Amino acid sequence: MKLTKLLLAFAGAALFSTQVGAQTQMRINISIGQNSHYGVAVDTFAREVEKRTAGRYKVQAFYAGALGAERESIEAIQLGTHELTMTSSGPVPNFVPETRILDIPFLFRDKAHARAVLDGPIGQDLLAKFETKGIKALGWAENGFRHMTNNKRPVNAPDDLKGLKMRTMENPVHIAAYKGFGIVPTPMAFTEVFTALQQGTVDGQENPLSVITAAKFEQVQKHLSLTGHVYSPAVILMSKAAFDKLSADDKKHFMDAATEGIKANRARVDDDDAKGVADLKSKGMQVVEVDKSKFQAALTPVFAEFNKQFGQANIDKIRNFK
Ligand code: EAX
């Protein structure tokens with residue numbers, strides 16, 4: 001009798017563990033902290049995946065580059081080391097060169113323009129390009145318009161940038177353009193930037209208000225210039241091998257969960273853009289409004305180069321998108 005009970009208990013435990021085993025765990029990594037426009041996106045995505053798949057899939061979020069910086073994280077999903085990542089476009093051209101066109105300075109008028117392009121046929125065609133690289137791109141999110149910070153001097157006009165040593169993303173289009181400003185670009189992973197600013201390895205960096213506030217760069221940077229010199233997309237990426245294993249219904253659930261994550265991301269960027277300047281001023285940053293057209297004009301030779309490289313028609317297609 002006792003033995004039967006024991007066997008039943010074992011059988012019960014075995015049954016329980018297969019039920020637990022039926023839940024597939026996945027991991028998503030971001031380079032910045034949870035309290036950010038990326039954090040809210042991946043948290044929303046994780047919650048929606050779990051809800052929409054009735055708990056059959058669970059996504060655990062890792063913040064502040066816990067599973068690696070952005071480039072490493074993209075490599076990891078190609079290899080299947082972890083399943084998901086959300087990344088800026090910084091290192092993305094090293095994987096899908098066609099996306100470089102999105103990183104051209106002063107390409108988008110405003111966020112509405114950028115979002116319309118990314119959600120429309122141009123953006124969707126670019127997402128499809130990830131597939132041959134072992135990556136399923138679930139959707140374009142955003143980082144926002146990037147602004148410049150530094151510790152040397154207030155930047156009022158493009159000439160003030162000359163000789164500033166600035167950390168840039170590992171993005172070839174940004175690097176080429178910033179050289180056009182006379183900046184000395186120092187590409188490095190985002191996870192190293194705070195320390196580099198603190199130790200004076202670089203004078204400055206450029207990022208949207210969402211990132212500057214989330215990363216507390218006001219603690220290590222004095223001057224902020226609202227250059228808005230480039231729109232910075234972000235993208236939610238999944239290992240194609242992991243995505244292909246999903247049923248047709250679950251694929252849709254993951255895509256829909258990404259859409260919800262992206263909505264939350266964009267709403268947070270809008271909120272950060274509305275509050276960021278006041279917040280940073282209250283924490284002691286000197287903020288300069290600039291004439292953006294002067295910064296755009298300073299890049300005229302670089303734009304000529306980009307027109308050759310990308311094709312004027314392709315750039316105009318994005319510029320004039322309605
Ligand atoms: O994705 O590297 C960067 O400056 C990015 O804007 C940041 O990691 C957020």
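Side chains included, hydrogens not; waters and symmetry mates left out as well; all remaining heavy atoms used. Order of listing sets the numbers, starting from 1, for every ligand and every atom in it. These figures come from a predicted structure and were not determined experimentally.
Close contacts between ligand 1 and Ser88 involve ligand atoms 1 (O), 5 (C) [criterion: under 4.0 Å to a heavy atom]. Each of the atoms 1 (O), 5 (C), 6 (O), 9 (C) of ligand 1 lies under 4.0 Å from some heavy atom of Asn143. Per-residue contacts place Met169 under 4.0 angstrom from the following atoms of ligand 1 (heavy atoms of the residue considered): 2 (O), 3 (C), 4 (O), 5 (C), 6 (O). Here is the list of ligand 1 atoms found below 4.0 Å of a heavy atom in Arg146: 3 (C), 4 (O), 6 (O).
For a threshold of 3.5 Å applied to N or O pairs, the pair formed by Glu206 and ligand 1 contains no separation below that value. Considering backbone and side-chain N/O of Tyr38, one or more are found under 3.5 Å from N/O of ligand 1.
Using a 4.0 Å cut-off between a side-chain N of Lys or Arg and a carboxylate O of Asp or Glu, Lys252 and Asp256 qualify as a salt bridge. Contact check on Lys129 versus Glu98 returns no salt bridge, with no Lys/Arg side-chain nitrogen under 4.0 Å from an Asp/Glu carboxylate oxygen.
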Q) side chain to side chain donor-acceptor pair (under 3.5 Å) between Asp43 and Tyr63: does it pass, once the steps are laid out? A) CA-CA 10 Å; Asp43 288 352; Tyr63 313 101; 2.5 Å; yes
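No option in Phe106, Tyr178, Phe108 other than Tyr178 meets the ring pair (Phe, Tyr, Trp, His ring centres under 6.0 Å) test with His229. Each of His82, Gln60, Met238 was compared with Met26 under the side chain to side chain contact (heavy atoms under 4.5 Å, CB included) criterion, and only Met238 meets it.
With respect to atom 2 (O) of ligand 1, the closest heavy atom belonging to the protein is Arg167 NH2, 2.9 Å.
Donor-acceptor pairing under 3.5 Å is lacking for the side chains of Asn151 and Asp203.
If you look at Gln205 next to ligand 1, there are no close heavy atoms at all, none under 4.0 Å.
Within the 4.0 Å heavy-atom shell around ligand 1 one finds Ser31.
Shown here is Asp271, whose CG atom has more than 12 heavy atoms of other residues, nucleotides or ligands within 6.0 Å.
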